[in-house]
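Note sheet for the following structure.
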Amino acid sequence: MNFAQIILPLNLKGTFTYKVPVDFLEKIEIGMRVLVPFRGKKIYTGIVCEIHDTEPESFVPKEIISILDDAPILPNEQIRFWNWLSEYYLCNLGEIYRFAFPSSLKLESETYLKLKTNVTIDFENLDVNEMYLIQALEVRQTINLTEIEAFIPKKEIMKTISSLIDLQYIEIDEKIAEKYKQKEVAFVKINEEALKNRALPEILLELKRSPKQQELFLLILEKQTENPEKPIRKSELFDEGNFSHAQLKSLVEKNLVHEFLIQKDRLESFEGEIEEIEKLTDAQLKAKNEIDDAFSEGKNVLLHGVTSSGKTHIYLEKIEETVTEGKNVLFLLPEISLTKQIVQRLEKKYGKQLGFYHQKLTDFERVEVWRKVRNNELKILIGTRNALFLPFQNLGLIVVDEEHDSMYRPREVSPYFNAKDAAQVLAQIYGANVILGSATPSVESYYFAKKEKLKYVFLGERFGNVKLPEYELVNFKESQDSKNIVGNFSTQLIEEIRKELDRKKQTMILHNRRGYANVVECESCGYVNYCSNCDVVMTYHKFSNELKCHYCGQKAAKPKICPKCHSEKLNTRGVGVEQIHEEISKIFPDAEVDRMDVDSMRRKFAYEKLYEKLEEGETDILVGTQMISKGLDFDNIELVAIPKADSLLYVQDFRAEERAYQLITQVSGRAGRISGEGKVLIQTYNPYHPVFERIKEHDSSKIYEHFLEERKKFLYPPFVKLILIELKHRREDKVNRASQFMGSVLRKYLPEECILGPEKSPIGKLNLLYQYQVLLKLPRGKKYAEFKKLLIKSLEEFNEITGYQSVKKSLFVDF
DNA sequence: AAATCGACGATT
DNA sequence: ATCGTCGATTTA
């Protein structure tokens, strides 16, 4: 056993063979990190994935420099998971490794280290190497691994660094150190000490000359005695009485009152607003029993529960059961969002045994969570898809909430994989169970649930038997013909909104298109502005008064005259959310109309501020893109309007209808959560469109039947497996030729009916790269494995052509 | 992925 | 003759 296969953090095929030095033979194990030289001077942190005795024939392997861990950092299950991902999604192990590990666990020679600020170093307890490194860092701000090699022996480097990181003397210098700062809220409380030492009358006497201060002091005291558990918000004092900040400040200075800050996200639980877990309703209990049955049969579950049916309650029950059995839970969310009741409730109950893992953590925080998971200190982990890669010790349950969400498979991050499917494989490896939960399951999951590959559990009623919102289709063509319209709104829509305003209810308006107008077009010559990097017209944003490319972020000034024919007549075409917002503000000048989209939420705390406005009922009408369908659970919303619903359907994508249905249903779920008086107005030119008609009927099985029929007819998932091959290059002729060649190679091995293309991608140029694609529709089942082997063979053949090596190739399996 | 090497064209 | 850019090649 003299050789090891090492995974390197590079996007390279396969693993690399290294020789294990004799003194490491005892120590080395699969799953440990090792330091290896690669390409002359460079040093990388690799992962041992195999130890064997076969000496390579064609080359002389290099030696492992050092072993970084005393015990494997990566459990066996994770290595199996990585291998599955790599085979299934046709990606390299190195890519997975890069994605899975926090960067300070995979130091390489270009990683820069720096001294932590404001640390006092205890030189007495440092060894020689540590001392050298600290001294070097005192002279210069940063240093990298190659530079350290000059004064510390190679074998000692990592030991020295990790011990100094542990001591918190040094840290990794992350160039893009975007620190996520949590919002803090100020609270006040009476200084108990002051009350102990002196009698209350004495204190009041002292404040006699400042009556306002006295009044304020008494107000705080009164609030505190009334409810000692509930901390007092600084802002509520100013709301209730006519006090000034100066008065509070002097009370603080007199040491009678303490002021303190609490982080925003811990607030909810701290305020004790959470009800204890109520008993499950009969419907929920039935669902839970069905889940138990499925689990005992070793089946995973699709929990299809209409909006506010209390899926969370069922999750909580199952989570508690799993933890009681001594196993751990992973709770996946599409993105880390504010205020999730489940978070608050779990936090209260499990405190330090609850962990979070998501993209907004700093590297140090990630390593911290990693360590805790490995030591089995955390029982429950809430996280986004990258949490799948934590070194779990005994996973018992994975919950995938909002399983239909496309954030589980973002196309732009490599490696490409679908967290929903990966979660099921990971669970299988760990012998754990999975609950996929959604109010609007993906068509694929629904199909597998009906095919009994998953157990289908349906919760058809809202919690407390609250009625589901009612849908009404507004025929915009008719309104237009009878001239009953103002801009993009029919008078019917306007009247309904006015009624809500009169009743002091809130209204949501969904329009899923950013900006003010799609295009700015010259009336006389038809000129439109294209992005200079992409083959895309630029969207006009009136609010920031510029043109933006939504694909690469490129900005340009809005032209005043046509750059081509100098005409001054420039038209806008296509309606964006800004325009809807403007129209509504004009129609209801006295209402408070707010807009929520990525552009208006970019500023720090913009989301939090708007959230509070909505919560306090200050916002009357909220106009927004799909953003408004997530996380806004307020009791006072009863009307949801979708003025241009057709635009949701007209997207070049076989999932467009499915996504329209999901989006409409998700926003609708915001309406009438408590009262049951929710109403949804869908304004459309096609009131007889099958999707709208079926949404209206409130029978989800009908709509899924419709989707499945269409998918079957036009051969789309779940009836076939899709693999998209995308080729990119700066030069169009090159990528075009490459794609033609790819097509011909594929046709050599695979039947004609499986191959679509090659053709120019829907967006022909993106970020200066031309894109071409080939779409494969492969049959499911046994044939699939066979075809996939042939695909790999074709890809290998393609790779042999040296001329096409510079063409970037991406594969999207289960696209 | 990333560094290195070689070819070719533009610049001193 | 030298610098810069692009593409091909190689990594254990």
Side-chain angles (χ1 to χ4, degrees), chain A residues 1-22 24-25 28 30 32-68 82 85-86 89-103 105-112 144-147 149 154 174-176 412-417 726-739 741 767-770 795-811:
Chain A
M1 300 306 224
N2 292 316
F3 302 96
Q5 292 306 121
I6 309 293
I7 305 168
L8 292 175
L10 298 169
N11 189 4
L12 289 172
K13 211 176 139 229
T15 54
F16 291 84
T17 313
Y18 283 86
K19 189 166 169 19
V20 184
V22 195
F24 293 161
L25 280 171
I28 199 161
I30 288 171
M32 283 177 168
R33 290 176 305 151
V34 291
L35 222 52
V36 291
F38 188 72
R39 244 198 173 274
K41 293 214 105 179
K42 272 221 109 182
I43 301 167
Y44 289 98
T45 307
I47 306 265
V48 183
C49 67
E50 206 188 318
I51 301 166
H52 59 89
D53 223 357
T54 344
E55 184 161 8
E57 288 165 14
S58 51
F59 57 90
V60 183
K62 292 187 179 172
E63 280 199 357
I64 290 169
I65 298 169
S66 65
I67 299 179
L68 299 178
W82 288 21
L85 279 171
S86 153
Y89 289 104
L90 303 170
C91 62
N92 293 318
L93 282 167
E95 271 182 288
I96 301 170
Y97 172 32
R98 278 165 158 261
F99 183 82
F101 267 56
S103 49
L105 289 179
K106 49 178 193 325
L107 303 182
E108 52 180 278
S109 40
E110 281 312 304
T111 312
Y112 281 82
N144 73 26
L145 294 203
T146 328
E147 291 161 339
E149 254 180 74
K154 260 190 180 181
E174 280 193 89
K175 291 270 149 54
I176 1 100
E412 37 289 313
V413 210
S414 92
Y416 175 82
F417 69 96
E726 194 178 65
L727 300 173
K728 299 187 187 194
H729 198 269
R730 272 180 312 110
R731 277 172 37 215
E732 185 165 16
D733 57 325
K734 182 141 194 168
V735 62
N736 188 7
R737 266 185 288 125
S739 73
F741 179 67
N767 270 317
L768 297 171
L769 297 175
Y770 289 92
L795 291 171
E796 274 164 7
E797 204 163 300
F798 177 85
N799 288 341
E800 276 169 25
I801 308 299
T802 54
Y804 296 144
Q805 295 247 327
S806 57
V807 178
K808 265 197 195 305
K809 183 170 83 251
S810 325
L811 285 154

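Reminder, nothing fancy here: chain letters follow the sequence lines and each chain counts from 1.
- The nearest whole Å value for the distance from the CZ atom in A:F16 to the C1' atom in B:dA2 is 12 Å.
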Could you go step by step and tell me if A:N767 and A:K728 meet the side chain to side chain donor-acceptor pair (under 3.5 Å) rule? CA-CA 10 Å; A:N767 270 317; A:K728 299 187 187 194; over 6 Å; no
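- Atom-to-atom, CG of A:N799 to P of C:dT10 comes out at 15 Å; the value is rounded to the nearest Å.
- A:K734 comes within 4.0 angstrom of sugar-phosphate atoms only, judged by non-hydrogen atoms across all strands, and of no base.
- Residue A:I64 comes nearest to A:P21 through the heavy atom pair O-CG, 3.4 Å, listed as atom of the first residue, atom of the second, then distance.
- A 6.0 Å sphere centred on NZ of A:K13 holds no more than 12 heavy atoms belonging to other residues, nucleotides or ligands.
- Rounded to whole angstrom, the span from the NZ atom of A:K808 across to the C1' atom of C:dA8 amounts to 15 Å.
- A:P56 comes within contact range of no nucleotide atom at all, as no heavy-atom separation falls under 4.0 Å.
- Between the CZ atom of A:F3 and the P atom of C:dA12 there is a distance of 15 Å, rounded to whole Å.
- The aromatic ring centres of A:F16 and A:Y44 sit 6.0 Å or more apart.
- Phosphate proximity of C:dC6 to A:R731: absent, as no side-chain N or O sits under 4.0 Å from OP1 or OP2.
- Taking atom CD1 on A:I801 and atom P on C:dT9, their separation rounds to 12 Å, with Å as the unit.
- Taken to the nearest 0.5 Å, the CD1 atom of A:I47 stands 12.0 Å off from the CD1 atom of A:I30.
- A:G803 comes within 4.0 angstrom of sugar-phosphate atoms only, judged by non-hydrogen atoms across all strands, and of no base.
- Here the side chain of A:Y18 is nearest to one of C:dG7, C:dA12, C:dT9, namely C:dA12.
- The OH-P distance, from A:Y804 to C:dC6, rounds to 21 Å in whole Å.
- Shown here, B:dT12 forms no base pair; nothing in the strands shown gives a Watson-Crick or G-U wobble contact with both key distances under 3.5 Å.
- The listed nucleotides are C:dT9, B:dA3, C:dC6; the one nearest the side chain of A:Q805 is C:dT9.
- Here A:F38 lies in heavy-atom contact (under 4.0 Å) with a base.
- In this structure, A:R39 does not reach the C:dT9 phosphate: none of its side-chain N or O atoms is under 4.0 Å from OP1 or OP2.
- Rounded to whole Å, atom P of C:dT11 lies 9 Å from atom NZ of A:K62.
- Side-chain proximity of A:P61 to the nucleotides B:dA2, C:dA8, C:dA12 is greatest for C:dA12.
- As a whole-Å value, the separation of A:Y44 OH from C:dT11 C1' is 10 Å.
- Counting only heavy atoms from C-beta on, A:L12 has its side chain closest to C:dT11 among B:dA2, C:dG7, C:dT11.
- Between A:S806 and the phosphate of C:dA8, there is a side-chain N or O to OP1/OP2 separation shorter than 4.0 Å.
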